[in-house]
There are 2 protein chains.
Amino acid sequence: MPHFLDTSAADFETRFTELLGMKREDSPDVDAVVAGIIADVRARGDAAVIELTEKFDRLALTPETLAFSEAEIEAEIAKVSPEESAALELAAERIRAYHVRQMPEDALWREETGAELGWRWTPVSAAGLYVPGGLASYPSSVLMNAIPAKVAGVERLVVVCPTPGGVVNPLVLLAARIAGVDAIYRIGGAQAVAALAYGTATIAPVDKITGPGNAFVAAAKRRVFGKVGIDMIAGPSEILVISDGSTDPDWIAIDLLSQAEHDESAQSILITPDAAHGRAVVAAVEKRLETLERRAIAGPSWRDFGAVVVTRDLAEAAALSNRVAPEHLELCVEDPDALSDQITHAGAIFLGAYTPEAIGDYIGGPNHVLPTARSARFSSGLSVLDFLKRTTLAKMTPAALKAIGPSAEVLARSESLEAHGLSVRARLAALNEGDE
Amino acid sequence: MPHFLDTSAADFETRFTELLGMKREDSPDVDAVVAGIIADVRARGDAAVIELTEKFDRLALTPETLAFSEAEIEAEIAKVSPEESAALELAAERIRAYHVRQMPEDALWREETGAELGWRWTPVSAAGLYVPGGLASYPSSVLMNAIPAKVAGVERLVVVCPTPGGVVNPLVLLAARIAGVDAIYRIGGAQAVAALAYGTATIAPVDKITGPGNAFVAAAKRRVFGKVGIDMIAGPSEILVISDGSTDPDWIAIDLLSQAEHDESAQSILITPDAAHGRAVVAAVEKRLETLERRAIAGPSWRDFGAVVVTRDLAEAAALSNRVAPEHLELCVEDPDALSDQITHAGAIFLGAYTPEAIGDYIGGPNHVLPTARSARFSSGLSVLDFLKRTTLAKMTPAALKAIGPSAEVLARSESLEAHGLSVRARLAALNEGDE
């Protein structure tokens, strides 16, 4: 049974705070191991990467075989069914169309003083995308990370993907090909992150590393942060559904389970003003769990972290959802637009009964890399902005410097930064001489 | 003498790589101490903050006196000269005008399938700004951090600023007042960061923490990252000037020193195709250093990390500058716009001889919180975006789900995520039944 809360109960606030504070993940502390691996790759480059790949992935590589060859990629891609290939192409097209709209605009304007101000966006030169191997090797994640990078204009985009025992998911290679990835290295773990950040003789360093990974990958990303940029460190996934009772309880049950089946640490929450509907959803979840392929994962997730919260009304439901700041928020209500206006913190909103969250995972267009663990309070999903940076521009004229320079001098003096003031003073002195 | 490099020398590449890789900062490892302080503040709240403030700042506080009172703020502000007050007001007005233009737009569009897609920006609810005490307590930094937050729409904005021995900079309080800060707490160090991140009985927690600080503050920000958002971890400051020889060597000398006077670890680099001009700038720096108030700081910085690089032409200068990815870039050349087009990585560009970098520090309008240590390769200066987050929106219609849902099912199956596929299948089944 999931947690069952009611806002009219006396202990509600205590129980809801507990729900918010629940620790769902116990990451092993692998930082010392990771530090050693990074130091090794920095010192010995390819040799270290090859040794560690042999050790962890039981795969013997040489500098020449670190990357998949064109022929290998073609051979793997040939295994993909036409149906899967078409689905990937459609997903890529829709993701690209959505992200193209995110491209921010440059700006440049002239003020009354004659000064020109503005900014300019430019892409990072090179990016590396981590793709997990094995069970969690998702082609959809390749598209979601690689396409925004390419739309942003990243010149060199490479993928690292471990292939334990040499086994690779052909769909991952096809997704990389469709997204325009330039090279795919069959390496993983902290050694792959280190190779991307510092470079080796074979692998040129990148400026930004994105993509999900296990505890070793997460620790390595934290460690190389600063040397390169990284995306967020993702935690276990969450979904929150607000339902007014107008949606089939079975649909909502499956939506809750589509999060729960990811991970035993995933969390699925239903908030509804309709207690009977809440109970119906719980019953529907139990029924679906009887036959679900991944019930061994989804079951514990639902039992340990699942929750149903009964509220007075939808406004209260929205307020509670804002306290959760969920990664995914489904609004299964008659007027989802009106309710959406009350949402201040959420990674992605899925409006109405015909928008299951899974649409967003694959094919809707918006990114599926979203802020977890309540970080939607202060951060956003992956976008083209993660692969761009902004350079500010300022160009003074003599008249502009005369107009605002003296105030800069005053402030420089108040901060005891003499040279700052002098840099303005020397120019103003020359300009005033010229005026005489 | 600074480093003097010439791109036509045989050892240039080696020496330039050394210059790029120079370690300028040896941060003490204070992580264990900081971890203890954070745990203490989480456990004991106000009591811990008060004890630590007494210990580190020699200041006895109570929960009631943690924040400055209105009367205290008024009394301090009264000490500010009208000239300084006017300069701060002008700076605030210009910074606000620049940052208002950064506000990103929401988007919502309807596709051919009938699906609606888009996104919406919302502000973080509460932000905390760290302001160092003592020598580096810069009112300009208060404006540069607080104004973007307010422009973004942050509802609650608080400042923490240690006041060792009870001494405060009245200009800092005035800057906070002008920027619309809601409360100012006289606490600092890791304890202040912990109080902002986790909250105490007196200090409500925030969602985002920005602002510069010493090694303890930086370590604390790294530790609370994830629980709250943080801005960048700033390293020592840098300036790079590209000059074609058309600018007075003394002006360039002062500009280089305006960076060097910040910190012995700051770095000032001149790149010029005119070797004689380069030597003239070096001579001018030496001359200015004889009398500069902060020569004890600027001298070592220039001697240890300063550099002059002579290039074949301006195009080569731009290419080298892109490898440095400087925080501040001055283009003291006849046609700065043309050269600016060749710049791909820089935090801020100052165009032409009448735009000393100090204008950007105080009053130009763009933010002075900029990416250091070559991180302009992948990150940007502070902006309103740091205080906003984006929620993606997707709303399918039955027709849209019929159009793209089957492809989502195919991809879900290929990733062995059955419930993902079922969430689409159940809806499509109902829709198809309805059609019959």
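For the numbers below, each heavy atom of this structure counts, side chains included, while hydrogens, waters and symmetry mates do not. The chains referred to below are lettered A, B, ... by the order of the sequence lines, with proteins before strands, and numbering in each begins at 1.
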### Task
Evaluate the side-chain contact (heavy atoms from CB on, under 4.5 Å) criterion for residues A:L385 and B:L385: first the C-alpha distance (whole Å), next the side-chain angles of each, then the deciding distance (0.1 Å), finally the verdict.
CA-CA 10 Å; A:L385 294 181; B:L385 294 181; 4.2 Å; yes
#### Entry: Residue pair B:F225, A:F225: steps toward the side-chain contact (heavy atoms from CB on, under 4.5 Å) verdict
CA-CA 12 Å; B:F225 173 55; A:F225 173 54; 5.8 Å; no
### Task
Show the numbers, then the answer: is there a side-chain contact (heavy atoms from CB on, under 4.5 Å) between B:I349 and A:K395?
CA-CA 8 Å; B:I349 305 181; A:K395 184 182 182 181; over 6 Å; no
### Task
Could you go through the side-chain contact (heavy atoms from CB on, under 4.5 Å) check for B:D341 and A:R120 one step at a time?
CA-CA 10 Å; B:D341 288 343; A:R120 204 174 62 196; 4.2 Å; yes
### Task
Apply salt bridge (charged side-chain N to carboxylate O under 4.0 Å, His left out) to the pair A:E111 and B:R94, showing each step before the final yes or no.
CA-CA 10 Å; A:E111 307 185 316; B:R94 293 183 55 88; 3.0 Å; yes
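Looking at B:V154, neither its backbone nor its side chain comes within 4.5 Å of chain A, counting heavy atoms on both sides. In this structure, no portion of B:E105 lies under 4.5 Å from any heavy atom of chain A. For A:A353, the part lying under 4.5 angstrom from a heavy atom of chain B is the backbone only. Of the two parts of B:S340, the backbone and the side chain both hold a non-hydrogen atom closer than 4.5 Å to a non-hydrogen atom of chain A. There is no contact between B:L331 and chain A, counting heavy-atom distances below 4.5 Å. Proximity to chain A involves both the backbone and the side chain of B:P139, based on heavy atoms less than 4.5 angstrom apart. Looking at B:E89, there are no atoms closer than 4.5 Å to chain A (heavy atoms on both sides), in backbone or side chain. Using a 4.5 Å cut-off between heavy atoms, B:L171 contacts chain A through its side chain alone, with no backbone atom that close. Of the two parts of B:A325, neither the backbone nor the side chain holds a non-hydrogen atom closer than 4.5 Å to a non-hydrogen atom of chain A. For B:S140, the parts sitting under 4.5 Å from any heavy atom of chain A are the backbone and the side chain alike. Only the side chain of A:L401 comes within less than 4.5 Å of a heavy atom in chain B; its backbone stays farther off. With a threshold of 4.5 angstrom between heavy atoms, A:W121 approaches chain B through side-chain atoms but not through N, CA, C or O. For B:A376, the part lying near chain A is the backbone, with the side chain staying farther off; criterion is any non-hydrogen pair under 4.5 Å. With a 4.5 angstrom heavy-atom cutoff, B:R101 touches chain A via backbone and side-chain atoms both. Both the backbone and the side chain of B:T391 come within contact range of chain A, judged by heavy atoms closer than 4.5 Å. Residue B:S81 does not touch chain A at all, counting heavy-atom pairs closer than 4.5 Å. Proximity to chain B involves both the backbone and the side chain of A:L88, based on heavy atoms less than 4.5 angstrom apart. Looking at A:A107, neither its backbone nor its side chain comes within 4.5 Å of chain B, counting heavy atoms on both sides. Interface residue A:L90: only side-chain heavy atoms are found under 4.5 Å from chain B. B:W109 touches chain A through its side chain: at least one heavy atom from C-beta onward sits under 4.5 Å away, while N, CA, C and O do not.
The greatest number of non-hydrogen atom pairs below 4.5 Å with chain B, out of A:P336, A:A87, A:A394, is found for A:A394. Chain A forms more heavy-atom pairs under 4.5 Å with one residue of B:S375, B:G352, B:S414 than with any other, namely B:S414. Options A:D337, A:D386, A:L388, A:D248 differ in how many heavy-atom pairs under 4.5 Å they form with chain B, and the most are formed by A:D337. Interface remark: of the candidates A:L428, A:L117, A:T113, A:V424, A:L117 forms the most heavy-atom pairs closer than 4.5 Å to chain B. Interface remark: of the candidates B:A412, B:S379, B:A373, B:A412 forms the most heavy-atom pairs closer than 4.5 Å to chain A. Between chain B and the residues A:P371, A:P366, A:G347, the largest count of heavy-atom pairs under 4.5 Å involves A:G347. Highest contact tally toward chain B, considering only A:R413, A:R390, A:E116, is held by A:R390 [criterion: heavy-atom pairs under 4.5 Å]. Taking B:P398, B:G365, B:G226 one by one and counting their heavy-atom pairs under 4.5 Å with chain A, the maximum is reached by B:P398. The candidate from A:Q102, A:R288, A:K208, A:M232 with the greatest count of non-hydrogen atom pairs under 4.5 Å with chain B is A:Q102.
Among residue pairs with one or both ends in residues 353-365 of chain A, those qualifying as side chain to side chain donor-acceptor pair (under 3.5 Å) are A:H328-A:E357, A:D361-B:H420, A:Y362-B:E415; sequence neighbours excluded. Applying the salt bridge (charged side-chain N to carboxylate O under 4.0 Å, His left out) test to pairs two or more places apart or on separate chains, those with a residue in residues 396-409 of chain B are B:K402-B:D435, B:E409-B:R425.
Taking each heavy atom of B:V124 and A:F378 in turn, the nearest pair found is CG1-CA, 3.7 Å. Between B:P123 and A:H345, the shortest heavy-atom contact is O-CE1, 4.1 Å. Contact detail for A:G405 and B:I359: the closest heavy-atom pair is CA-CD1, 4.1 Å. When all heavy atoms are compared, the tightest approach of A:G364 to B:I404 is CA-CD1, 4.4 Å. Minimum interatomic distance between A:L393 and B:Y98 (heavy atoms only, all atoms of both residues): N-OH, 4.5 Å. The heavy-atom pair separating B:S423 from A:P356 by the smallest distance is OG-CB, 3.6 Å.
Using a 4.0 Å cut-off between charged nitrogen and carboxylate oxygen, A:R427 and B:D250 do not count as a salt-bridge pair.
Distance CG/A:L292 to CG/B:L422: 7.0 Å, rounded to 0.5 Å. Distance check, rounded to the nearest 0.5 Å: CG of A:L370 to OG1 of B:T392 gives 5.5 Å. Distance check: A:T291 OG1 to B:E418 CD gives 6.5 Å after rounding to the nearest 0.5 Å.
Of the residues listed (B:R374, B:R323, B:R377), the one engaging A:D207 in a salt bridge (charged side-chain N to carboxylate O under 4.0 Å, His left out) is B:R377, and it is the only one.
Side-chain N or O atoms of A:R294 include one that pairs as donor or acceptor with a backbone N or O of B:S416 at under 3.5 Å.
Two residues are said to be in side-chain contact when any heavy atoms from C-beta on lie closer than 4.5 Å; A:L417 and B:H262 meet this criterion.
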